[in-house]
> 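I have a structure here, written as structure tokens, and I will follow up with some questions on it.
In what follows, every chain begins at residue 1, and chains take the letters A, B, ... in the order their sequences are listed.
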Number of protein chains: 2
Amino acid sequence: MSKRFLSMRKKIEVLKAVSEPNRIRILMLLMKKPLCVCEITSILGLNTSTISSHLSVLKNAGFIIDEKEGKWINYKICDEIDDYNSAVLDVISKYFSNEPQLIKDLAEIENANRYNLIQIETNGKRCK
Amino acid sequence: MSKRFLSMRKKIEVLKAVSEPNRIRILMLLMKKPLCVCEITSILGLNTSTISSHLSVLKNAGFIIDEKEGKWINYKICDEIDDYNSAVLDVISKYFSNEPQLIKDLAEIENANRYNLIQIETNGKRCK
DNA sequence: TTGACATTTTGACAATCATCGAAATGAAAA
DNA sequence: TTTTCATTTCGATGATTGTCAAAATGTCAA
């Protein structure tokens, strides 16, 4: 949609971005609903800095964008996503949606509300 | 087609397999025509052992199979390819086919006949 | 059987990657 | 302003990766 041609390098970057299980988990979550870093962190159970770094990979690959909202930064799937990225995302969402891990993640999505979050020991800090 | 469910691990392995430019080049070639290792080597201009290792990645990911033919081993796209692999391959073939590098590779395909090949210095050996 | 040669395996190396904890940044609330 | 806390950046570490050269394997042909 946005760009006529993605370079070979860029197209490979897109594939690399989705070749990591935790990034697939994040994408599947964001396809359901925009989330902030601390919500994603609480669902995936990884270090905040790890989540942040995965988000930056997905952002550079053209899958997601971030938006300030008060204290938080929301991440969501790009509105104007490239055709190629969109095709990749379609394959992911079609073939990964039955994965037990991803179903569990999605079930966690409502618990992981930024206003309820009291994350004991994530990055050694509270998150509320 | 062949298997009902691929594990998450296996599906990630498939994506990793196509996240490498030289493996994309090999897949695009094999979608055109089955080829032996020395033919692929001559087109891509990499070390034989490198090609062999890429082929083994693509084979383990379920994209290609090998078949003995006399002195050579031909590689080709699986006949009974998994739906998921097939969907990934469709995206690749749709969005990479305009890549200058891949067009050049395809143009080389007829020159790279195993009976004509005199590869000066590939792995320090002739290949004929 | 021996020699030629296509292919795979092994070992080494530099580069990239996923992860964590700690420190830095930045913005909102007290 | 100072404190709080969400997020990013930095530095370190162990694991994986793409590549080559050399050695090993296997097979056809003389």
Side-chain angles (χ1 to χ4, degrees), chain A residues 9 12-13 15-26 35-42 44-61 64-75 112-128, chain B residues 9 12-13 15-26 35-42 44-61 64-75 112-128:
Chain A
R9 205 202 105 266
I12 292 288
E13 184 183 351
L15 291 173
K16 278 193 198 298
V18 296
S19 299
E20 209 286 324
N22 290 321
R23 285 198 291 269
I24 294 276
R25 294 174 72 190
I26 294 174
L35 295 166
C36 69
V37 180
C38 69
E39 287 165 339
I40 300 172
T41 297
S42 107
L44 267 66
L46 296 172
N47 193 291
T48 311
S49 63
T50 303
I51 299 296
S52 178
S53 134
H54 282 315
L55 287 168
S56 125
V57 171
L58 291 171
K59 185 175 155 187
N60 291 330
I64 61 177
I65 53 164
D66 52 354
E67 278 177 345
K68 276 249 175 67
E69 183 192 345
K71 204 149 74 151
W72 298 278
I73 298 181
N74 294 326
Y75 280 88
N113 183 304
R114 69 193 63 180
Y115 298 108
N116 296 340
L117 276 184
I118 305 188
Q119 296 184 206
I120 313 295
E121 199 57 42
T122 289
N123 203 12
K125 290 181 185 176
R126 305 275 155 130
C127 165
K128 151 114 191 190
Chain B
R9 205 202 104 267
I12 292 289
E13 184 184 349
L15 290 173
K16 278 194 198 297
V18 296
S19 299
E20 210 285 326
N22 289 321
R23 285 197 292 268
I24 296 276
R25 294 173 73 189
I26 293 173
L35 294 166
C36 68
V37 180
C38 71
E39 286 165 339
I40 300 172
T41 297
S42 109
L44 266 66
L46 296 172
N47 192 290
T48 312
S49 63
T50 303
I51 300 297
S52 177
S53 132
H54 282 315
L55 287 169
S56 126
V57 170
L58 291 171
K59 185 175 155 187
N60 290 330
I64 61 176
I65 53 165
D66 52 355
E67 279 176 345
K68 276 247 174 67
E69 183 192 342
K71 205 149 76 150
W72 298 279
I73 298 180
N74 293 327
Y75 281 86
N113 183 304
R114 69 193 64 179
Y115 300 107
N116 296 339
L117 276 184
I118 304 186
Q119 295 184 209
I120 314 296
E121 200 58 43
T122 290
N123 203 11
K125 292 180 185 174
R126 303 277 154 126
C127 164
K128 153 110 191 195

> Whole-Å distance between dG18(D) C1' and Ile12(A) CD1?
13 Å
> Restricting to nitrogen or oxygen on both sides, can you table the protein-nucleotides 15-19 of chain C pairs closer than 3.5 Å?
unit_1, atom_1, unit_2, atom_2, d
dA18(C), OP1, Arg23(A), NH1, 3.3
dA18(C), OP1, Arg23(A), NH2, 2.9
dA18(C), OP2, Arg23(A), NH1, 3.4
dT19(C), OP1, Asn22(A), ND2, 2.6
dT19(C), OP2, His54(A), NE2, 2.3

> To the closest 0.5 Å, what do you measure between CG (Asp66(A)) and OG (Ser56(A))?
10.0 Å
> Is it the case that the side chains of Asn74(A) and Glu67(A) hold a donor-acceptor pair, with the cut-off being a distance below 3.5 Å and no angle test?
no
> Check the distance between dA27(C)'s C1' and Glu67(A)'s CD and give it to me in whole angstrom.
17 Å
> Nearest whole angstrom, please: distance from the C1' of dA21(D) to the CD1 of Ile51(B).
15 Å
> Which distance, rounded to the nearest 0.5 Å, do you find between the CG of Leu44(A) and the NE2 of His54(A)?
8.0 Å
> Can you measure from CG (Asn22(A)) to OG1 (Thr50(A)) and round to the nearest 0.5 angstrom?
8.5 Å
> Measure the spacing between CD1 of Ile51(B) and CG of Leu46(B) and express it to the nearest 0.5 Å.
4.5 Å
> Output the rounded distance in Å from CD1 (Ile64(B)) to P (dT7(C)).
13 Å
> What I want to find out is whether Arg114(A) reaches Glu69(A) closely enough, with some N-O distance under 4.0 Å, to be called a salt bridge.
yes
> Leu44(A) has an atom CG; how far is it from atom P of dT7(D), in whole Å?
14 Å
> Using modelled atom types and a 3.5 Å cut-off, is there a donor and acceptor pairing between side-chain atoms of Ser19(A) and backbone atoms of Leu15(A)?
yes
> Output the rounded distance in Å from CH2 (Trp72(A)) to C1' (dT4(D)).
12 Å
> Using only side-chain N and O atoms of Tyr75(B), determine if any of them is under 4.0 Å from OP1 or OP2 of dA6(C).
no
> Measure the distance from CG on Asp66(A) to C1' on dG26(C) and round it to the nearest whole Å.
14 Å
> For nucleotides 12-15 of chain D, list the nitrogen or oxygen atoms of the protein found under 3.5 Å from its nitrogen or oxygen atoms, one pair per line.
none

> Within this structure, what is the CZ-OG distance for the pair Arg23(A) and Ser53(A), rounded to the nearest 0.5 Å?
7.5 Å
> Below 3.5 Å is the cut-off: list the nitrogen or oxygen pairs between protein and nucleotides 26-29 of chain D, distance only.
unit_1, atom_1, unit_2, atom_2, d
dT27(D), OP1, Lys68(B), NZ, 3.4
dC28(D), OP1, Gly70(B), O, 3.4

> Roughly how far, to the nearest 0.5 Å, is the CG atom of Leu58(A) from the CD1 atom of Ile65(A)?
13.0 Å
> List the steps, then state whether side chain to side chain contact (heavy atoms under 4.5 Å, CB included) holds for Trp72(A) with Cys38(A).
CA-CA 9 Å; Trp72(A) 298 278; Cys38(A) 69; 4.1 Å; yes
> Between atom CD1 in Ile40(A) and atom P in dA6(D), what is the gap in whole Å?
14 Å
> Look only at the side chain of Lys59(A) and the backbone of Ile64(A), and say whether a donor-acceptor pair between them is shorter than 3.5 Å.
no
